[in-house]
*Asks:* 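Below is the structure I would like to discuss, written out as structure tokens.
Because the structure is predicted, anything quoted here is derived from the model rather than measured. Just so you know, ligand 1 is whichever comes first in the structure, and atom 1 is the first atom listed for that ligand.
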Amino acid sequence: MDLPDPALGTPTLDRDAVRRVSLGITFDNTYARLPERFFARLPATPVAAPRLVRVNRPLAELLGIDADALESPGGVAALAGNAVPEGADPIAQAYAGHQFGGFTPQLGDGRAILLGEVVARDGTRRDIQLKGSGPTPFSRRGDGRAAIGPVLREFIISEAMYAMGVPTTRSLAAVRTGERVLRETVLPGAVLTRIAASHIRVGTFQYFAARQDVDALSILADYAIARHDPEAAHAERPYEAFLAGVVARQAALVARWLHLGFVHGVMNTDNTTVSGETIDYGPCAFLEAYDAGAVFSSIDYQGRYAYGNQPGIVQWNLARLAECLLPLFSDRQEDAMERAKAALSGFAPIFTEAYAAGLRAKIGLATARDGDDALVEDLLRRMADGEADFTLTFRRLCDAAADPAADAAVRILFSDPAAYDEWAPRWRARLAEEPVDGVTRRHAMRRVNPLVIPRNHLVEEALAAAARNDDGPFERLLAEVTRPYEERDAGRYAIPAKPAERVTQTFCGT
Ligand code: AMP
Ligand code: MG
């Protein structure tokens with residue numbers, strides 16, 4: 001195969017000309033020490049007038065990074081790509097990917113720069129990446145930039161997901177560039193600083209598989225094992241153990257998405273990590289009324305990435321990873337295929353159990369009995385028919401579990417409240433089989449059923465304001481969605497969109 005090969009590895013700028021700043025960050029850049037064909041080595045492209053929107057101070061603390069230094073002029077310059085922090089070794093990573101089912105052998109960081117890695121206070125290694133940081137050899141026809149809207153969308157939703165306990169990349173900072181980017185309209189530019197357990201994607205493996213570069217595949221797999229599955233290194237068959245590990249993490253992850261009504265929207269293989277973290281908050285959205293067929297992304301014409309399709313798509317993506325690893329499993333094709341199938345077969349039981357256990361917890365059950373799945377499915381069907389708000393129904397059930405008088409607030413969420421009235425006695429009968437007092441149960445339920453999620457209309461409102469240079473709504477929304485489970489009067493942040501406010505489509509905005 002004759003594949004495009006950008007000038008990987010080679011510096012494209014005079015590195016002595018790059019401005020360095022000391023921020024006291026202790027980098028240890030293992031990915032940049034991999035072979036040169038894994039990336040292009042270049043710094044971010046400076047911008048006109050960096051201005052800080054926000055540093056995520058608790059995250060900086062977790063990473064062992066001095067938040068004051070990040071907020072200083074030198075820090076803001078580094079977060080905008082106008083200076084390189086001392087110790088960083090900036091690169092754009094190579095990767096490929098299936099996008100909506102079609103394979104592109106070369107995608108790569110077309111608008112992102114990996115500054116390097118730090119070991120956080122909890123001992124885990126984290127990537128620090130600038131997104132929207134200017135063109136790279138992978139940019140193709142893109143400008144390498146990001147608009148303020150998508151940057152703040154990722155900030156809000158990634159931090160909300162983290163607060164809800166979902167494995168996810170995180171957002172350390174957002175800065176405005178003082179430049180304009182041209183999309184459908186002219187928008188203010190911004191750069192996001194993304195933190196990830198790594199940026200290794202299914203598509204990273206596909207990049208080397210497409211080039212039949214088995215050497216690179218084994219180097220990448222060994223690297224990923226060291227970083228994400230260190231115990232697999234001691235397994236009898238480390239590469240299969242690694243695949244099984246990725247399968248388990250992704251199965252658990254997609255179950256969490258479903259529990260929260262999350263629709264990723266662009267589950268391409270380049271947006272599927274081997275770490276098991278959610279990545280890429282492009283056209284994502286949360287369900288309002290429960291609907292397994294819900295699609296929000298304006299470019300998902302076929303509904304490929306609909307809410308209820310997500311487990312199937314994750315499996316499809318994992319099968320693409322397995323194909324890449326075949327040469328590492330065995331020299332004999334048949335044997336390799338059998339081994340891949342065995343690892344992939346772990347998905348269904350892990351997903352099914354994680355999904356069911358999460359739903360049981362959402363309705364207040366601590367144990368599993370025959371009939372529980374049917375009880376939950378019946379509720380979901382009634383919610384779908386009655387267009388009941390997904391988040392509020394479960395949140396109000398917490399109160400109803402402690403006190404039947406609270407049924408009133410649940411039943412009015414259904415277009416036909418009788419649908420809830422029929423279900424509730426069966427639910428109560430089942431709850432009665434568990435010797436848990438109502439207050440304890442309510443407490444447990446409130447830790448899995450969020451009061452506040454980043455509702456689509458509130459996100460859109462915040463992004464629209466930011467595009468007009470008003471970051472107030474972003475700040476207020478972020479403050480609310482990062483306390484998802486805490487009981488309080490959250491006002492409009494806990495209420496579904498009115499019909500006129502409803503957001504039915506989301507846009508990548510790349
Ligand atoms: P995404 O849709 O963010 O998952 O990106 C898919 C691919 O398109 C990746 O290779 C990105 O780097 C690239 N890409 C997206 N937006 C841009 C842009 N504005 N400039 C250059 N590359 C981009
Ligand atoms: Mg992406």
*Asks:* Looking at the Mg ion (ligand 2), is there an N, O or S atom belonging to D270 that lies under 2.8 Å away from it?
*Replies:* no

*Asks:* Could you tell me whether R140 approaches ligand 1 through its side chain, its backbone, both or neither, with non-hydrogen atoms closer than 4.0 Å?
*Replies:* side chain

*Asks:* Ligand 1 versus D280, non-hydrogen atoms closer than 4.0 Å: side chain, backbone, both, neither?
*Replies:* side chain

*Asks:* Specify side chain, backbone, both or neither for N268, according to which of its non-hydrogen atoms lie closer than 4.0 Å to ligand 1.
*Replies:* neither

*Asks:* Of all the atoms in ligand 1, which lie at a distance below 4.0 Å from a heavy atom belonging to D270?
*Replies:* 4 (O), 6 (C)

*Asks:* Test your reading of the structure: does F138 have an N or O sitting under 3.5 Å from an N or O of ligand 1?
*Replies:* no

*Asks:* For G144, take its heavy atoms, then give the atoms of ligand 1 lying under 4.0 Å from any of them.
*Replies:* 18 (C), 19 (N), 20 (N), 21 (C)

*Asks:* Only one of F205, W316, Y207 forms a ring-ring contact (aromatic ring centres under 6.0 Å, His included) with H98, so which one is it?
*Replies:* W316

*Asks:* Backbone or side chain, does any N or O of Q99 fall under 3.5 Å from an N or O of ligand 1?
*Replies:* no

*Asks:* At less than 2.8 Å, would any N/O/S atom of N268, backbone or side chain, sit next to the Mg ion (ligand 2)?
*Replies:* no

*Asks:* Relative to the heavy atoms of R183, which atoms of ligand 1 are at a distance of less than 4.0 Å?
*Replies:* 19 (N)

*Asks:* Among the heavy atoms of Q93, does any lie under 4.0 Å from an atom of ligand 1?
*Replies:* no

*Asks:* How are the rings of F39 and Y31 set to each other: parallel, tilted or perpendicular (split at 30° and 60°)?
*Replies:* tilted

*Asks:* Which ligand 1 atoms, with their elements, are less than 4.0 angstrom from a heavy-atom of N271?
*Replies:* 4 (O)

*Asks:* Using distance alone, decide if ligand 1 has a nitrogen or oxygen within less than 3.5 Å of any nitrogen or oxygen in D109.
*Replies:* no

*Asks:* Are any of the N/O atoms on K131, whether in the backbone or the side chain, positioned under 3.5 angstrom from an N/O atom of ligand 1?
*Replies:* no

*Asks:* Please identify which atoms of ligand 1 are closer than 4.0 Å to at least one heavy atom of L107.
*Replies:* 10 (O)

*Asks:* Can you tell me if CZ on F351 sees more than 12 non-hydrogen neighbours from other groups inside 6.0 Å?
*Replies:* yes

*Asks:* Please check if atom CD in E184 has more than 12 non-hydrogen atoms from other residues, nucleotides or ligands closer than 6.0 Å.
*Replies:* no

